[in-house]
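Structure provided below as C-alpha cells; questions to follow.
Reminder, nothing fancy here: chain letters follow the sequence lines and each chain counts from 1.
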Number of protein chains: 2
Amino acid sequence: MSRIEAPRDEVTGNLLDRLREGLPAEAVLADPDVTASYANDMASFCAAGIPAVVVLPRTVEQVQHVMRTATELRVPVVPQGARTGLSGGANASDGCIVLSLTKMDRILEISPVDRIAVVEPGVVNATLSRAVGEHGLFYPPDPSSWEMCTIGGNIGTASGGLCCVKYGVTAEYILGLDVVLADGRLLSTGRRTAKGVAGYDLTRLFVGSEGSLGVVVRAILALRPKPPQQLVLAAEFASAAAACDAVCRIMAGGHVPSLLELMDRTTVKAVNDLAHMGLPETTEALLLAAFDTPDPAADLAAVGALCEAAGATQVVPADDAAESELLLKARRLSLTALEAVKGTTMIDDVCVPRSRLGDMLEGVERIAGKYGLTIGVCAHAGDGNTHPTVCFDAQDPDESRRARESFDEIMQLGLELGGTITGEHGVGVLKKEWLAREIGPVGVETHRAIKQVFDPLGILNPGKVF
Amino acid sequence: MSRIEAPRDEVTGNLLDRLREGLPAEAVLADPDVTASYANDMASFCAAGIPAVVVLPRTVEQVQHVMRTATELRVPVVPQGARTGLSGGANASDGCIVLSLTKMDRILEISPVDRIAVVEPGVVNATLSRAVGEHGLFYPPDPSSWEMCTIGGNIGTASGGLCCVKYGVTAEYILGLDVVLADGRLLSTGRRTAKGVAGYDLTRLFVGSEGSLGVVVRAILALRPKPPQQLVLAAEFASAAAACDAVCRIMAGGHVPSLLELMDRTTVKAVNDLAHMGLPETTEALLLAAFDTPDPAADLAAVGALCEAAGATQVVPADDAAESELLLKARRLSLTALEAVKGTTMIDDVCVPRSRLGDMLEGVERIAGKYGLTIGVCAHAGDGNTHPTVCFDAQDPDESRRARESFDEIMQLGLELGGTITGEHGVGVLKKEWLAREIGPVGVETHRAIKQVFDPLGILNPGKVF
C-alpha cells in the first residue's frame with residue numbers, strides 16, 4: 001500500500017503560512033540554525049528531534065492560534081520555558097512546533113492583602129521573587145536554576161528547591177491557571193481566593209503534567225509573608241549514616257528548618273577541588289541546617305545538639321547572614337563541582353521517606369562501587385530527596401553505559417525503599433520507562449485515559465512522561 | 001415500545017444476594033427503617049432518595065466486591081462517611097447502594113520521622129488528631145464537625161476548618177490514596193515521601209471529588225509538628241466594615257495568625273440569646289485572632305494595635321489558654337445559636353478574596369434586607385471564607401422560598417466579587433446548578449470528560465456536583 005506524502009518543505013511551508021496568519025513575523029522562527037538551538041533542555045541521555053518551527057507568542061490569543069493550527073494540521077507541539085529542565089521534558093520532537101512561552105513574561109498583579117500574584121508563564125522565578133519581595137512577600141519555590149527558569153516551566157515540572165522542607169513545592173503555590181487546550185479552547189481552573197472546593201481540582205492536574213495536557217498561559221500564585229533572614233549551621237559527620245541519623249532526630253524532634261541539606265564525601269571533595277573552600281577532606285558527610293524563625297540561633301543550638309548526639313564531629317553555627325551565605329555557597333556549587341569531576345553528569349532525583357535516607361545513601365555507595373563510578377550525593381535531606389549524581393566521561397562508551405545502568409539501579413533502589421523515581425525534576429523522556437514501575441498498570445491506564453481527554457490527537461509534547 | 005421490568009423486590013433481592021457473596025451478613029443492611037436512616041447528610045433543601053441497601057465493608061476487598069457488583073448490575077453507589085456534610089453530597093439516590101466507610105476506621109501507621117499517618121477512611125477526625133498528638137504531631141484540618149466527621153468524608157469534600165488560615169485545607173495534607181474505582185479495580189495514587197512528581201497528580205483529583213470518581217479506602221496523610229497552644233484576642237468593632245479593614249491590615253502586615261474569625265452583629269446576638277455569654281450587644285462585629293507562635297502575646301499586641309487603628313472599640317487579649325478557650329466558645333456556638341433563631345438554617349459557604357470581605361458582608365446585609373430575613377454571618381475572615389447563615393421557619397413556605405432565593409443571591413454576589421460558591425463545604429446537590437456559572441462551559445465539559453474516564457456507567461454518586 002502506498003501513500004503519497006507531501007514533500008517535507010511543502011508541509012512546513014504550509015505550517016509556517018498558517019502560523020503567520022495569527023502571529024507577527026518576528027514570533028515565527030524557521031531558520032534551522034535558530035530552531036536547532038531550541039531542541040534540548042539540560043538533561044543528559046535524552047534524545048531530541050529537530051523542530052519545524054519555533055514560535056514566540058506574546059498573547060493568549062496567539063497561543064490559541066498556535067494550538068488551533070497544530071490541531072488542524074496534526075503537528076506536535078512542545079511547550080518550553082527556559083529549558084533548564086533535567087529530564088528532557090522540553091526536548092523537541094522531529095517536525096514539531098516549539099512553543100516557547102518566554103516572551104509572555106509580565107507580572108500582571110501583586111496583592112499584599114490577598115497574598116497572590118498573577119503572572120504570565122514566561123516570568124523568571126528570580127524576577128518574580130524579587131518583585132514580590134518589594135511588597136514584603138515571599139514566593140518560596142526556589143529551584144537551583146531560579147535565576148533562569150520560568151514560572152511556567154516550574155508549573156510544568158512541579159519544581160522544588162532548597163526551601164521545600166519548610167515551605168513545600170511549586171504545586172502548593174498554584175491557586176489557579178488559564179490553560180490553552182490542544183484544540184485552542186481556553187480553560188480557567190481554580191481561583192484567586194485562599195480556599196475553594198468547587199468541582200475537581202483541575203489546577204493540580206496541570207501542575208507537573210510536563211506540557212502534556214495543555215499550555216499554561218496565566219497563573220495565580222499564592223504568596224507568603226517574607227520570613228526573617230535565615231541563619232545556617234554546618235555539621236560534619238564521620239559517616240553518612242550518622243548524618244542521616246541526625247536528619248531523623250531533627251525531624252522527629254519537631255523542628256521546622258527552612259533548609260536541611262546534605263553533601264556526601266564525594267561532593268565535599270569535588271567542591272573543594274573546584275573552589276578551594278577549605279572544607280575538611282576527612283568529612284564523610286556535611287549537613288547544613290537553617291532556620292528563618294524569630295530566634296534562629298536558639299533553633300540552631302537545639303539542632304546542633306541533636307547533630308552532636310548523632311555523632312557530629314564538628315558543629316559550626318553561622319553568626320550572621322554573611323557567614324550563612326558562605327556555608328550555603330558550598331551546597332550551591334555542588335552540581336557544578338561534580339560536573340567538573342569527569343566532564344559529564346547524570347543527576348538523579350530519587351525521593352525516599354526520610355526514615356530511609358541512610359539506606360538510600362548506603363545503597364548508592366554500593367552501586368557506585370559495583371559500576372566503578374564516582375557518584376556524588378547531595379540531598380534535600382529534610383525531604384528525603386536525594387540527587388545522586390553520576391560523574392562520567394561521555395566520550396567513553398563503556399563508562400557512559402555504566403553511568404546509565406547505575407542511574408537506573410538507583411531508581412530501582414528508591415522504589416524498593418518506598419520512594420519515588422522523581423522528587424522534583426519530572427519524568428520527561430529520561431524516566432518514562434520507569435514511571436510504569438512506580439504507578440503500576442492501573443495508574444498507567446488512568447494516565448492514558450486522562451491524556452486522551454485533553455489531547456485526543458496526541459499532539460501535546462508527545463513521547464514524554466509515559 | 002414496551003420493556004419488561006423485573007419487579008423492584010426481585011431486582012433488590014438479586015442485588016442483596018450478590019452483595020452477600022462477598023460481604024458478611026451483618027455488613028449488608030436491607031431493613032427499610034435502617035436504610036432510610038442513611039438517606040441524608042446535614043444539608044437543608046437537598047432531595048434524597050431511598051437506598052436499596054446499606055453496606056458496611058471492613059476491607060478493601062469487600063469494597064471492591066461492592067463496586068464490581070454495582071458495575072455488573074448497574075446500580076448507583078453513594079459513598080458515605082459520617083454524613084456531617086452540608087451540601088447533600090452524601091444523600092442517597094433511589095435504589096442506590098449506600099457504601100458507608102465508617103467501619104473501616106483503623107489508624108494503620110503513625111511515623112514521627114516521616115511525619116505521616118496511614119489511615120482507613122472511616123477514622124474520625126478527632127480520633128486521628130488525638131492519636132497523632134500523642135506523638136507530638138498535628139493533623140491540622142479541623143472542620144466544625146471534627147468530633148464526628150471522618151477523614152474519608154474530609155477527603156471527599158476537601159474540608160477546611162478554623163486553622164486553615166495558617167495551615168491550609170485537607171487537600172494539602174493528602175499525600176497518597178488507595179481508591180477503588182467504579183469497576184472494582186484498585187488504584188494507588190501519590191506517595192509516602194515528602195516530595196514527588198512522578199506522573200499526573202491523581203491524588204488531588206480525588207480530593208474534593210465528592211465520591212464521584214472512586215471510593216477512597218486508604219490515605220497517606222502529611223502531619224506537622226504540634227505547635228504551641230494558641231492564645232486568642234477578641235476585638236469589637238462598631239461596624240463590619242471596620243472589622244474587615246482590620247483583617248486586611250493584619251494580613252497585609254505579614255502576620256500569620258493561627259485563627260482569624262469574624263462574627264457579625266446577628267451572630268453575636270444569637271450567641272448571647274442562646275448562651276448568655278454577656279457579649280456586648282452594641283458590637284457590630286467581633287473579630288477573634290489567635291497565634292500559636294513562640295511569643296503569641298507579642299503577636300497579639302501587634303495585631304491588637306492594628307485592630308485599634310482600624311477602629312476597634314475594645315481589644316481583649318486572653319492571658320492564658322483557659323481565657324482563649326472561652327473566647328473561642330462564642331465562635332463555636334455560632335451555628336447552633338443561629339439555628340435557634342428561627343428553627344432552620346441554610347449555611348452558605350462563599351469564599352471571596354479577603355480584600356473583598358467588606359463588600360461581601362455589606363452585600364449580605366443588603367440581601368437580608370431585600371428578602372426580609374435574618375442572615376447571620378460568621379466567617380473564616382483570614383481566608384475570606386464567609387458562612388452567611390439564613391435563618392428561617394421551614395414551616396412557612398414563603399419564608400422558605402425567600403431563604404432559598406437569598407441563598408442563591410449570596411452565591412451570585414460571591415462570584416461577582418471574584419470569589420467561589422464554596423470555600424470548604426462542597427457542591428453536592430445544593431449548589432450543582434451554580435457550579436457551571438463558576439467554572440464555565442469549558443470547565444463543565446472537562447469535568448464531564450474526566451467523570452467519564454473514571455465512571456463510564458455513571459454509577460458513582462450520580463446527580464451530585466454537576
Winner by heavy-atom pair count (cut-off under 4.5 Å) against chain A, out of B:Leu186, B:Val197, B:Val442: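 Result: the option with the highest number of such pairs is B:Val197.
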At a heavy-atom separation under 4.5 Å, does A:Arg185 approach chain B through its side chain, its backbone, both, or neither?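 A:Arg185 touches chain B through side-chain heavy atoms alone.
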Would you give the length of the straight line joining atom CD of B:Glu172 to atom CD of A:Glu172, rounded to the nearest 0.5 angstrom?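 Spacing of CD (B:Glu172) from CD (A:Glu172) equals 6.5 Å.
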Closest heavy-atom pair and its distance - B:Val453, A:Ala449: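 For B:Val453 versus A:Ala449, the nearest heavy atoms are CG1-CB, 3.5 Å.
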Among A:Val465, A:Asp295, A:Leu435, which has the most heavy-atom pairs under 4.5 Å with chain B?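 Option with the greatest count: A:Leu435.
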Say whether, by atom type as modelled, one donor and one acceptor occur between the side chain of B:Arg192 and the main chain of A:Pro353 under 3.5 angstrom.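 No, the answer is negative, given that no donor and acceptor are paired below the 3.5 Å cut-off.
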A:His425 versus chain B, heavy atoms under 4.5 Å apart: side chain, backbone, both or neither?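 When you check distances to chain B, only backbone atoms of A:His425 fall under 4.5 Å.
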Most contacts with chain B, counted as non-hydrogen pairs under 4.5 angstrom, among A:Cys248, A:Gly199, A:Gly384: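 Highest number of pairs under 4.5 Å: A:Gly199.
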Do you know which of A:Pro112, A:Ala198, A:Gly208 has the most heavy-atom pairs under 4.5 Å to chain B?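 Highest number of heavy-atom pairs under 4.5 Å: A:Ala198.
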Could you name each residue pair satisfying ring-ring contact (aromatic ring centres under 6.0 Å, His included) that touches residues 181-201 of chain A, not counting sequence neighbours?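 Qualifying pairs, neighbours excluded: A:Tyr200-B:His447, A:Tyr200-B:Phe466.
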What part of A:Leu137 gets closer than 4.5 Å to chain B, counting heavy atoms only: side chain, backbone, both or neither?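 Looking at A:Leu137, nothing touches chain B.
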Taking all heavy atoms of A:Gly418 and all of B:Thr193, pick out the closest pair and write down the distance.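 For A:Gly418 and B:Thr193, the tightest heavy-atom pair comes out as O-CG2, 3.9 Å.
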Heavy-atom cut-off 4.5 Å, strictly under: side chain, backbone, both or neither for B:Phe454 against chain A?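 The side chain, not the backbone.
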Which one of B:Leu213, B:Ile116, B:Val169, B:Val165 has the most heavy-atom pairs closer than 4.5 Å to chain A?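 It is B:Leu213.
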Looking at chain B, which one of A:His255, A:Arg191, A:Lys431, A:Lys226 has the largest number of heavy-atom pairs inside 4.5 Å, strictly under?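 Highest number of pairs under 4.5 Å: A:His255.
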B:Glu438 versus chain A, the contacting section by heavy-atom distance below 4.5 Å: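 For B:Glu438, the contact with chain A is made by the side chain alone.
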Measure the spacing between CD of A:Glu445 and CG of B:Leu181 and express it to the nearest 0.5 Å.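 Between atom CD of A:Glu445 and atom CG of B:Leu181 there are 9.5 Å.
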If we define contacts as heavy-atom pairs under 4.5 Å, which of B:Gly443, B:Pro441, B:Gly196 has the most with chain A?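 Ranked by contacts with chain A, first place is B:Gly196.
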With chain B, which of A:Leu187, A:Val427, A:Thr189, A:Val207 has the greatest number of heavy-atom pairs at distances under 4.5 Å?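 Looking at each option in turn, the highest pair count goes to A:Leu187.
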So for A:Thr157, is it side chain, backbone, both, or neither that comes closer than 4.5 Å to the heavy atoms of chain B?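 Interface part for A:Thr157: backbone (N, CA, C, O).
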Hey, what do you get for CG (B:Asp349) to NZ (A:Lys195), rounding to the nearest 0.5 Å?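 So the gap between those two atoms works out to 7.0 Å.
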Quick check for you: among B:Thr420, B:Thr446, B:Asp383, which has the greatest number of heavy-atom pairs under 4.5 Å with chain A?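 Looking at each of B:Thr420, B:Thr446, B:Asp383 in turn, B:Asp383 comes out on top.
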Within this structure, what is the CG-OG1 distance for the pair B:Asp201 and A:Thr203, rounded to the nearest 0.5 Å?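 Reported to 0.5 Å precision, the distance equals 10.5 Å.
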Do A:Leu205 and B:Ile450 have side chains that get closer than 4.5 Å, going by heavy atoms?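 Result yes, sub-4.5 Å side-chain heavy-atom pair found.
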Does B:Ser355 offer a backbone N or O that forms a donor-acceptor pair with the side chain of A:Asp114 under 3.5 Å?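 Yes, A:Asp114 side chain to B:Ser355 backbone: donor-acceptor pair under 3.5 Å.
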Of the backbone (N, CA, C, O) and the side chain (C-beta and beyond), which part of A:Leu202 lies under 4.5 Å from a heavy atom of chain B, both, or neither?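 It is the side chain, since no backbone atom gets that close.
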Using non-hydrogen atoms and a 4.5 Å limit, figure out which bit of A:Asn385 sits close to chain B: side chain, backbone, both or neither.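 The side chain, not the backbone.
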Among the options A:Ala252, A:Gly423, A:Pro225, A:Gly254, pick out the one with the most heavy-atom pairs lying under 4.5 Å from chain B.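 The answer is A:Gly423.
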